[in-house]
Amino acid sequence: MAKIKDLHARSVFLLVHMEYSFNAIEKKWQERWKADQVYKVYNNSTKPKCYVLDMFPYPSGTGLHVGHPLGYIASDIFARYKRLKGYNVLHPMGYDAFGLPAEQFAIDHGIHPATSTKQNIKNFREQLDRIGFSFDWSRQINTAEPSYYKWTQWIFLQLFNSWFDRVENKAKHIGELISSFEKQGSSGIHSYHANNSFSSSEWKSYSEKQQQDILMEYRLAYCGFGEVNWCEALGTVLANDEVINGFSERGGFPVVKKKLRQWYLRITEYADRLLAGLEKVEFSEAMKEMQSNWIGKSYGAELDFAFEREPSKKLRVYTTRPDTIFGVDFMVIAPEHELLTDLTTPAQKREVETYITYVKSRSERERIAEKKISGCFTGSYVLNPFNSRKIPVWISEYVLAGYGTGAIMAVPCGDERDFKFAQQYKIPITNIIGSHFHGEEANPTKDALLENSDFLDGISMRDAMSLVIEKLESIGIGNKRVNYKMRDAAFSRQRYWGEPFPIIWKNGIAYPLDEKDLPLELPKVDSYKPGPDGEGPLANLPDWTSKHLETNTMPGYAGSSWYFLRYMDPNNSETFCSRTASAYWGQVDLYIGGTEHAVGHLLYSRMWTKFLFDLDLIGFDEPYRKLVNQGMIQGSSRFVYRIEIKGSDKMEALAKQKPVFISAGLKNKKLSELQSSIKNILIESWGEEASEVEIISISGLHVDVSLVDGMELDIPAFKKWRSDYSNASFVLENDKYICGSEVEKMSKSKFNTVNPTELVERYGADTFRMYEMFLGPVEQSKPWDTKGIEGVHRFLRKLWRLFFDEIKGRVWTSETATADERKVIHKAIKKLDEDTDRFSFNTAVSALMITVNELGELKCHKKEVLEKLLILLAPYAPHISEELWHEIGNEYTILDAPYPKYDEKFLIESEKLYPIAINGKTRTELNISLDASQQQVEEMVLADETVRKWLNGVTPKKIIYVRNKMINLVV
RNA sequence: ACCCUGGUGGCGGAACAGGUAGACGCGCAGGACUUAAAAUCCUGUCUGCAGAAAUGCGGGUACGGGUUCGAUUCCCGUCUGGGGUACCA
């Protein structure tokens, strides 16, 4: 019985192997890899370690589209490649499961975010599994699970219980600060908050509340007040992108700024280390630039301008250009500036108030982005400290309260924005840079010699900077100052679906929860509606509020700031990640994700890592050694163009029932030209009365990309797509309906998404993986186009035919390879090795295609060559490689195969055809042996008939050999 | 508005340190095999001019300048697509 079964299996096997049945092969290997746990990794090995990480996804309800796997495929290729190269590779995956969309979904549909998230994760996982990734799923994490966020809360408590010692430039336990206050009061080196000055005995005499208020100014996680987008009508706080032009995206209700109690992370204390750390990591220069611009370190000075009316009062400004002090023609303060009421004169009061109301409705982005300038005079003047010149004080939205001192000295001849402001409000401009300023536009030069500048006249601006600062310091009205554009990170949300804060409030004091009470689980709620006064939904729970627990929750980036550590030790219930685990795996060797995280997630996780390092909880202070940013795959949307008409009610109703669409090539003609040519079609469709209607416009509508072949609309399918299009008629060009197209972000609502699972079913995971890589460089954004996928599929079938013939069956042999065949495969090994290492996966795929073509031309079916080829291919197309690897007689997984080494000796040529150029223009070619000396080559070149003719007796000035590619004679 | 990044055939892209621009693939055109289709294979495919042809000469990497013997690559300016701008992830 057993034998019969076996025979049967064998015949099926042979039959199957005539052609490349990718579906069966991929299913078989995915099951076997899972059963054999081939991707499970252990925290110890004699091999070197390599940690390859993807930015984990937010499991959105719309599932995976072809853009998601791009980075995952790239990292999977790299992880498999490293494993083949003999590394112990950690390649995990998980979910960043807290987030606003799930909460909005809950509000709209009443489904608990945990439920919808769980479902979404299931979908993601099913889709991911089809692509054949080498993730170690036993290490999967989910930031929304209590076993995970217990440690997010725990790290938060460490931040809460820490302060930053600016002398040692590191975080320390708050207890050290307290004992310093007890011993020497605020005179200790640790006091850097100017408004706190107390002695040791004063400290001891303070109430607990007073002491805690002071400590709050030092904690790395602290509570304060901050402005949020408040929508009264919705009773909730809105994200910036939920606000459009001062109105809520949903409902269109007015949105204003409101101050609410907020948690913050004191990331500004790490500004210098975040900046310095960039030098130790392999991020792209662009990424480093974005981060350092965000941190925005600048050197300058703070100085006081006394009020004209009340010289004891001062307006303090921050400037990076103290040298321009005599060019100050006006001051601008932020609308939120605390001295605004003092500065506003009764005459200007009404105007200032109107302006403030206007600014309140504006988002910060709008305030700095808008081209038009707005502002308002306060009525007051301050005095230039050096020459007592009267300077008017203005308010403008482009000055932000949070940066510097919230007030600037405006120098219109040197600053573009100040210049435009002066022009708009007709403020006279002082020129301090002579001929560098023409009155047409500002000139921010630092090279001019100063004029109209009192004691600075004739001095260069660069030298003047330090002179002014010295003088300011000596007369005590200012000082040198380093400033950062970066602000402390807002760390709370008035939302439900996030980590609860392990904080209890008593008498206005925030007390940390005991560690043993973690996790503080997110309670179930009946309603996701906001709580009273803009608080989060947790404020609606009597059970929660009666315990005085914090009602804010943590933001999306909390869990993602440290997740890379949890993968190292995912099931540890004693600690967030054991020291042995983090010591073994260390930094992430390769991190892949989009640039959109440049200044958010990446900075936060770098800060958390530095913090954990300071507390000696991990042994490294940069999380990611190397970062690669994958580009975004955009959707290529298709449009149909509907004719919009004006006419009788009957006609307008018909226009809805029987819409008429016009082909893209015709839509740009003038409406008047169209009237006559389209009328016939309208009459045909709607009856005689249609001759009366007027065509008023043509509107473009998204159409599902699956209904369009290239640009041509599949009309029957389109009619079936939506019931209201079933009676549609079409104005064609050349008997075809041609759609319009546009490249946009991939999204369900634009009908331009492509589902990877469908492609995997049609062409196989291997084809899909290789095609995504073949599409272009991983780093580059590009629109998705399914058309080319056939070419990659053809390549895999060609590869298959090197092993099996449709009629003859097995064709691979154990014969010894020829020199030509060896040359082909060694060329491939060299190229693949280089390309995979430098992340040039698109050219690597091309090289594989060329190799298979060349082997096909040579009719090479030799195992010796083919098995090397399979290993090269394995990271890219794991299923087919594994199948064929076993077919040629290997028992173990291809991932444990030794990666082939190329041998120069198979590639060496004895002579080469060199182009010979004169002044860069190629004139002829010469065969030159590779071991010829430079002099021999020169003699040969100069002796050549054609070259001599061209040189026409002239001796070349020099002869340049260009990287083994050409020889150029410069005359 | 500011910061970052891209722009090369009909299309995706290649050219890795400034050195023969258009590899590889798609599409298209023609051909072979087939009763036919599918599949497969072969040939051509930036462009203008000349030529029966092999081929030759010129132009060409968004646009305008510059540096260089030589520029898709470096520099300056302009136009334009994409990402980010602090509560989307």
Side-chain angles (χ1 to χ4, degrees), chain A residues 19 55 57-58 60 96 98-101 104 226 228-229 237-243 262 284-287 289-294 296 364-372 398 402 416-417 485-495 555-557 560 594-601 603 629 631-632 634 710 743-745 771 774-777 779-792 794-795 797-798 801 806 834-835 838 840 842-843 845-850 853 856 914-915 917-922 925 956-958 960-963 965-971:
Chain A
E19 59 182 73
M55 287 185 188
Y58 172 76
S60 79
D96 189 12
F98 279 129
L100 231 56
Q104 193 53 44
V228 293
N229 301 311
V237 173
L238 296 175
N240 277 339
D241 56 332
E242 295 176 300
V243 184
Q262 298 286 341
S284 68
E285 284 311 309
M287 172 61 65
E289 221 169 312
M290 274 190 269
Q291 293 204 0
S292 65
N293 287 343
W294 180 264
E364 191 176 294
R365 174 121 31 115
E366 289 166 338
R367 281 175 56 173
I368 32 182
E370 207 71 41
K371 283 173 226 161
K372 85 168 200 261
Y398 77 84
E416 194 53 42
R417 226 163 7 173
K485 211 178 283 167
M486 182 168 69
R487 307 196 290 261
D488 280 342
F491 196 67
S492 51
R493 304 287 181 263
Q494 289 68 47
R495 303 280 181 176
Y557 65 84
S560 60
T595 37
E596 65 270 22
H597 298 284
V599 292
H601 160 66
L603 274 180
N629 297 113
M632 191 174 275
Q634 293 142 332
V743 172
E744 303 176 292
K745 216 171 187 164
Y771 183 58
F774 186 64
L775 216 49
E779 290 95 333
Q780 199 170 299
S781 291
K782 56 233 153 186
W784 177 263
D785 179 10
T786 306
K787 279 223 154 160
I789 199 168
E790 295 276 359
V792 175
R794 237 168 257 162
F795 152 75
R797 285 211 307 264
K798 253 187 231 173
R801 288 201 300 272
E806 270 177 44
E834 284 167 4
D835 283 356
R838 70 187 173 101
S840 183
N842 55 331
T843 53
V845 173
S846 294
L848 284 165
M849 289 178 172
I850 294 167
N853 280 342
Y914 277 88
I918 295 170
N919 279 354
K921 271 213 158 134
T922 306
E925 287 182 324
K957 274 186 227 149
K958 53 180 170 176
I960 305 170
Y961 300 81
V962 185
R963 282 198 294 137
K965 275 195 178 168
M966 68 181 294
I967 294 165
N968 187 29
L969 290 73
V970 180
V971 294

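Below, read A as the first sequence line, B as the second, and so on, with proteins coming before strands; counting in each chain starts at 1. Small disclaimer: the values here were computed from a predicted structure and weren't measured.
Nucleotide A17(B) carries a syn base; the chi torsion (O4'-C1'-N9-C4 or O4'-C1'-N1-C2) is within 90° of 0. Base orientation of G59(B): anti, the glycosidic angle falling outside 90° of 0.
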Next item on the list: Would you sort out whether N629(A) and T595(A) count as a side-chain hydrogen bond (donor to acceptor under 3.5 Å, both in side chains), showing the intermediate values?
Entry: CA-CA 6 Å; N629(A) 297 113; T595(A) 37; 5.5 Å; no
Checklist line | Chi angles and distances behind the side chain to side chain contact (heavy atoms under 4.5 Å, CB included) call for R493(A), L100(A) | finding: CA-CA 10 Å; R493(A) 304 287 181 263; L100(A) 231 56; over 6 Å; no
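Closest approach of A598(A) to Q291(A), counting heavy atoms only: O-NE2, 3.0 Å. Pairing each heavy atom of V228(A) with each of Q494(A), the nearest pair is CG1-OE1, 4.3 Å.
A distance of about 14 Å separates the P atoms of G65(B) and U73(B), rounded to the whole Å. Between C24(B) and G9(B), the distance separating the two C1' atoms is 15 Å to the nearest Å. Annotation: U68(B) and U78(B) have their C1' atoms spaced 24 Å apart (nearest Å). Annotation: U45(B) and G56(B) have their P atoms spaced 14 Å apart (nearest Å). U67(B) and G82(B) are spaced 35 Å apart, taking the P atom of each and rounding to whole Å. As rounded to the nearest Å, G51(B) and A62(B) have C1' atoms that lie 35 Å from one another. Here the separation of A23(B) from U85(B), taken at their C1' atoms, is 40 Å to the nearest Å. Comparing the same atom, C1', in U43(B) and in C33(B) gives a spacing of 16 Å after rounding to whole Å.
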Protein-nucleotides 37-41 of chain B N/O pairs closer than 3.5 Å?
unit_1 : atom_1 : unit_2  : atom_2 : d
A39(B) : O3'    : R797(A) : NH2    : 3.0
U40(B) : OP1    : R797(A) : NH2    : 2.5
U40(B) : O3'    : R801(A) : NH2    : 3.2
C41(B) : OP1    : R801(A) : NH2    : 3.3

Enumerate all atom pairs, one protein N or O and one N or O from nucleotides 69-75 of chain B, separated by less than 3.5 Å.
unit_1 : atom_1 : unit_2  : atom_2 : d
C69(B) : O2'    : N919(A) : O      : 2.7
C69(B) : O2     : N968(A) : ND2    : 2.4
C69(B) : N3     : N968(A) : ND2    : 3.3

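C28(B) is paired with G44(B) under the Watson-Crick or G-U wobble criterion, all donor-acceptor distances under 3.5 Å. Nucleotide C49(B) forms a pair with G56(B), judged by Watson-Crick or G-U wobble geometry with both contacts under 3.5 Å. The base-pairing partner of C79(B), taking Watson-Crick or G-U wobble contacts with both distances under 3.5 Å, is G7(B).
In this structure the side chain of R838(A) reaches within 4.5 angstrom of the side chain of T843(A), judged on heavy atoms. Side-chain contact between L775(A) and W784(A) is present, with at least one heavy-atom pair separated by less than 4.5 Å. Considering only heavy atoms from C-beta on, S846(A) stays 4.5 Å or farther from L848(A) through its side chain. Here the side chains of N919(A) and V970(A) are in contact, with some heavy-atom distance below 4.5 Å.
Nearest to the side chain of M966(A), among U5(B), G19(B), G12(B), sits G19(B). Comparing atom distances between the P915(A) side chain and each of A23(B), U20(B), G12(B) picks out U20(B) as nearest.
Side-chain N/O atoms of Q780(A) include one lying less than 4.0 angstrom from OP1 or OP2 on G13(B). Remark: N842(A) is in phosphate contact with A14(B), judged by side-chain N or O atoms under 4.0 Å from OP1 or OP2.
Between the CG atom in N842(A) and the CZ atom in F774(A) there is a gap of 8.0 Å [rounded to 0.5 Å].
Atom-to-atom, CZ of R367(A) to C1' of A1(B) comes out at 14 Å; the value is rounded to the nearest Å. One interatomic measurement links the two molecules: OH of Y771(A) to P of C11(B), which rounds to 15 Å at whole-angstrom precision. One interatomic measurement links the two molecules: OH of Y398(A) to C1' of C2(B), which rounds to 14 Å at whole-angstrom precision. Per the geometry, CG belonging to D835(A) stands 12 Å off C1' belonging to A15(B), to the nearest Å. Separating the NZ atom of K782(A) from the C1' atom of U5(B) is a distance of 14 Å, rounded to the nearest angstrom. One can place CD of E285(A) at 13 Å from P of G6(B), the figure rounded to the nearest angstrom. Here the P atom of nucleotide C11(B) and the CG atom of D785(A) are 12 Å apart, to the nearest Å.
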Item checked: Summary of protein contacts for nucleotides 83-89 of chain B, nucleotide by nucleotide, where a base hit scores B, a sugar-phosphate-only hit scores S (4.0 Å, heavy atoms) -> SSBBBBB
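Using the six-membered ring where Trp is involved, H601(A) and H597(A) have ring planes that are perpendicular, over 60° apart on the 30 and 60° scheme.
Heavy atoms of A286(A) sit under 4.0 angstrom from primed sugar atoms or phosphate atoms, though from no base atom.
A donor-acceptor pair is defined here as one N or O able to donate and one able to accept, closer than 3.5 Å; such a pair exists between the side chain of N968(A) and the backbone of G920(A).
Nucleotides of RNA chain B nearest to S846(A) and E925(A) differ in position, and the one nearer the 5' end is that of E925(A).
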